[in-house]
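The next block holds one structure in the form of structure tokens; read it before the comments.
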Amino acid sequence: MKKNLLGTLGVLSLTGALLAPSVAMAQAQTEVQFWHAFTGRLGELVAEQVADFNASQNDYVVVASHKGNYTETLNAGIAAFRADEQPHILMVFEVGTATMMTAGGAVKPVYEVMAESGASFDPDAYIGAVKGYYTTTEGEMLSLPFNSSTPVLWVNRDAMSAAGVDPDTDLSTWEQVDVVLEQLKAGGASCPLVTAWQSWIHLENLSAYHDVPFASKSNGFAGLDTELMINGEAQLAHLSKMGEWARDGKFIYTGRRNEGGANFRSGECVLFTESSAGYAGISDEAEFDFEVRPLPYWKALVDSPQNTIIGGASLWVMSGHEDDEYKGVAEFLSFLSTSDVQAAWHQNTGYLPITAEAGEATRASGFYDENPGTDIALIQMTSKKPTANSKGLRLGFFDQIRGVIDEELEAIWAGDKSAKEAMDSAKTRGDALLRRFETANR
Amino acid sequence: MEKRVTFRGWGLPFFLIAPQIIVTVVFFFYPAIQALWQSLFIPDPFGLSSQFVGLGNFIFLLNDEFYAASFLTTAVFSTLVTVCTMVPALFLAVVADRLIKGSGTYRTLLIWPYAVAPAVAGVLWLFMFNTRVGLVSWYLGQIGYDWNHVLNGGEAMGLVVVASAWGRISYNFLFFFAALQAVPRSVIEAAAIDGARFWRRFFTIVLPLLSPITFFLLVVNIVYSFFETFGVIHTITAGGPQQSTTILVYKVFSDGFVGQDLGSSSAQSVILLVIVGLLTVIQFKYIEKRVHY
């Protein structure tokens, strides 16, 4: 027994000695910690990007760690900062943007990291509608857009035909969709319309798309003393109609997140409003003929729609690290922004490219011709110059406000409240949260 | 004559109770005092700055009608969970107690669900009642009942109650079963000779003799339904639809760890602390008097 133990110890120390040189070599490289929220296919793609970067040079090693879903990743970053153990790069979803922006001492703005490191950095190379979400009103980029998507309409063409509707029917306006939903219902479809991320698509994007404010003070960009304006005419008209569809069994509610994706991919639902990044999953699983269409708009409200806004996450650089580590961060961020990396990311995931160059490279490669509809998200985002209403949203406690909106929307779908009652209540409750955020950051 | 062992000096007794005291101070008093202190501020998430607001957080909560609604939800939820746990557990224990053959097997099988973690139990029940692919909801659809806990608050509440109570029945069963075995056979036989039927014997003799264990389980189950059902609610409904399953402890979590509103979250924990304290005092002061040991 004792002999065995000694033997084991001997082997261990031997292994230690053998390993020592490689450990020493690794230490010569500066380590950059990168915390993200991706699993599955997306997780693999991120790991690939990191491995490519590590292989491309010898000075820095990026160590990527998965920290749970978006909310959990943000929490992990915050807890780590409080314990002085923060990573260099933290992935934060768009809803957490205001939280990060007001955390002045906790983050190091990307434009500053880039300027100090001397890495080549041209903020104008990034697509306006994408970077706008993460840029100050003075034009300083605070975080690097990483994965950005925008909502589109997914169509199950086989199910359209099965219900006796021509799959090429025009679905560009909600008025048209209304007619089609009636036909689908009559044709025996059990789930004519389903959605993911209801607040993001049917309120936040609806507002931007119709160029009406979601909140005052340029949707919160111009100050913390912002108030919700979600009970406006356009929003109420849309939600009332959705409520009607819900009661008539034309719109099926499946949950607050993207639960509806399963129903669409299984072929049960005909129309699906979901992020363009649904592409990876749908193209993988759907055993029917599907198609991407632009998000519909209300003809009665606007002649042609404004742009939609993004969802997704950006990379924030945390403060409190050494200068040479920030150099590594800058190198990595520059690497991620290169046209090749971006084009591959865009084509694999359905997320938007963050630079115009990557979009052009994708077009030149013929990808859009081979995969029709994959450019719709990009066109929808970039066809018009963003206005104050369509640049994005910057609201404190936004995750909670979305929760409030989700609850109130459920009241509409269940028929417990009218659209007006629900949105008035959501505004009152959301404004109370905004005031608390204002107090916390005074 | 009283028999009492006394220590000479203070050193040894202090040393002996020190582990308990240290654990309580580190894991209970320290966080509780922190929560109390933090509830007076609205801090930013990163802990860089915080605004003193006095009782502002409490005033904000008390003016929030949804917070008031959460009290009612919690009361309904914990009552239902407690009843749905104790009644079936007692019934199963009584039935298992009457078995002559194979009671060991039944006992073992009945204890199994206790080994399933609440979050896992939640996912299992969610699968069965999934509005689109769930087995149970499909059968319900066959008999003409349209199950939709995603929009129907009552159904959502029913589902989280059943999922929370299910695993807990085992734990209660175990205690009831042990207590039943301790009921003196001679008393029951005497009653049987006097002509009392089974249920009469049960209600007039067995149940009163079970009262200490029933009381203990009542306290433990209420505390369970207040705090430990978090995993079930998180996996099944996340507090929805609307706020129909947002119990107090879930609101502490969602405001604090999802919403980053640590001030409000701390104030809620303080309120929760006070409520549980009060409940325990009430239970021991009034209900315990009716318990015969």
Side-chain angles (χ1 to χ4, degrees), chain A residues 71-72 74-75 77-79 81-82 86 96 99-100 102-107 190-191 246 252-257 259-260 262-263 266 268-269 318-319 396-404 406-411 413-417 422 425 429 432-433 435-442, chain B residues 41-54 56-57 59-61 63-67 69-70 126 130-133 141 146 148-156 234 236-246 250-251 253-265 267:
Chain A
T71 308
E72 288 159 359
L74 175 57
N75 270 317
I78 289 173
F81 182 81
R82 284 174 163 244
Q86 70 272 29
T99 303
M100 298 303 286
T102 45
V107 300
S190 68
C191 172
I252 304 296
Y253 178 65
T254 50
R256 296 174 178 183
R257 304 171 68 85
E259 291 89 345
N263 304 33
S266 70
E268 187 195 349
C269 295
M318 309 284 289
S319 63
F397 290 147
F398 194 26
D399 212 357
Q400 268 177 307
I401 293 175
R402 263 199 186 164
V404 165
D406 278 333
E407 289 168 16
E408 298 291 348
L409 288 178
E410 282 168 351
W413 312 153
D416 295 343
K417 284 185 184 176
S425 161
R429 296 169 64 193
L433 289 167
R435 294 294 74 74
R436 282 182 68 78
F437 189 76
E438 199 185 347
T439 313
N441 292 286
R442 193 170 283 153
Chain B
F41 294 84
I42 299 185
D44 84 316
F46 289 89
L48 296 165
S49 69
S50 64
Q51 294 284 329
F52 180 78
V53 289
N57 284 321
I59 293 165
F60 175 76
L61 283 172
N63 286 328
D64 180 0
E65 55 179 302
F66 286 87
Y67 189 61
S70 175
L126 185 58
N130 185 297
T131 50
R132 292 279 146 188
V133 297
D146 183 22
N148 189 0
H149 70 263
V150 182
L151 271 185
N152 185 318
E155 288 173 4
H234 191 50
I236 298 185
T237 62
Q242 299 177 50
Q243 283 206 350
S244 54
T245 54
T246 305
Y250 196 76
K251 204 168 154 59
F253 163 79
S254 63
D255 286 357
F257 293 98
V258 179
Q260 312 294 352
D261 188 351
L262 297 174
S264 168
S265 189

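A note on names: the letters A, B, ... follow the listed sequences, proteins ahead of strands, and every chain is numbered from 1.
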Self-check item: Under 4.5 Å from any heavy atom of chain A - which part of B:Asp64
Solution: neither
Quiz item: Within a strict 4.5 Å, meaning less than it, do heavy atoms of the A:Leu409 and A:Tyr253 side chains meet?
Solution: no
Practice problem: Report yes if some heavy atom in the side chain of B:Asp44 is under 4.5 Å from a heavy atom in the side chain of A:Thr102; otherwise report no. | Solution: no
Quiz item: Between A:Ile78, A:Asp399, A:Thr71, which shows the greatest number of heavy-atom pairs under 4.5 Å with chain B?
Solution: A:Ile78
Practice problem: Below 4.5 Å from any heavy atom of chain A, which atoms of B:Phe41 appear? Answer side chain, backbone, both or neither. | Solution: neither
Self-check item: Heavy-atom contact with chain A under 4.5 Å, split by part of B:Leu151
Solution: both
Quiz item: Only one of A:Gln86, A:Met318, A:Arg82 forms a side chain to side chain contact (heavy atoms under 4.5 Å, CB included) with B:Phe46, so which one is it?
Solution: A:Met318
Quiz item: Measuring heavy-atom distances to chain A, does B:Asn63 have an atom under 4.5 Å in its side chain, in its backbone, in both, or in neither?
Solution: neither
Exercise. Indicate whether the side chain of B:Gln51 and that of A:Thr439 have a donor and an acceptor atom separated by less than 3.5 Å.
Key: no
Quiz item: Mind checking whether B:Thr131 and B:His149 have side chains closer than 4.5 Å, heavy atoms only?
Solution: yes
Self-check item: Interchain contact, A:Glu408 with chain B, by part (heavy-atom threshold 4.5 Å)
Solution: side chain
Exercise. Go through the atoms of B:Ser264 and report whether side chain, backbone, both or neither lie under 4.5 Å from a heavy atom of chain A.
Key: both
Self-check item: Interface moiety of A:Ile252 toward chain B, non-hydrogen atoms closer than 4.5 Å
Solution: side chain
Quiz item: What part of B:Val133 is in contact with chain A, defined as an atom under 4.5 angstrom from a non-hydrogen atom: side chain, backbone, both or neither?
Solution: neither
Exercise. Identify which part of B:Gln260 has an atom lying under 4.5 Å from any heavy atom of chain A, answering side chain, backbone, both or neither.
Key: both
Practice problem: Please examine the side chains of A:Glu410 and A:Arg256, heavy atoms only from C-beta on, and report whether any two atoms are closer than 4.5 Å. | Solution: yes
Practice problem: Could you tell me how the ring of A:Phe437 sits relative to the ring of A:Phe397: parallel (under 30°), tilted (30 to 60°) or perpendicular (over 60°)? | Solution: perpendicular
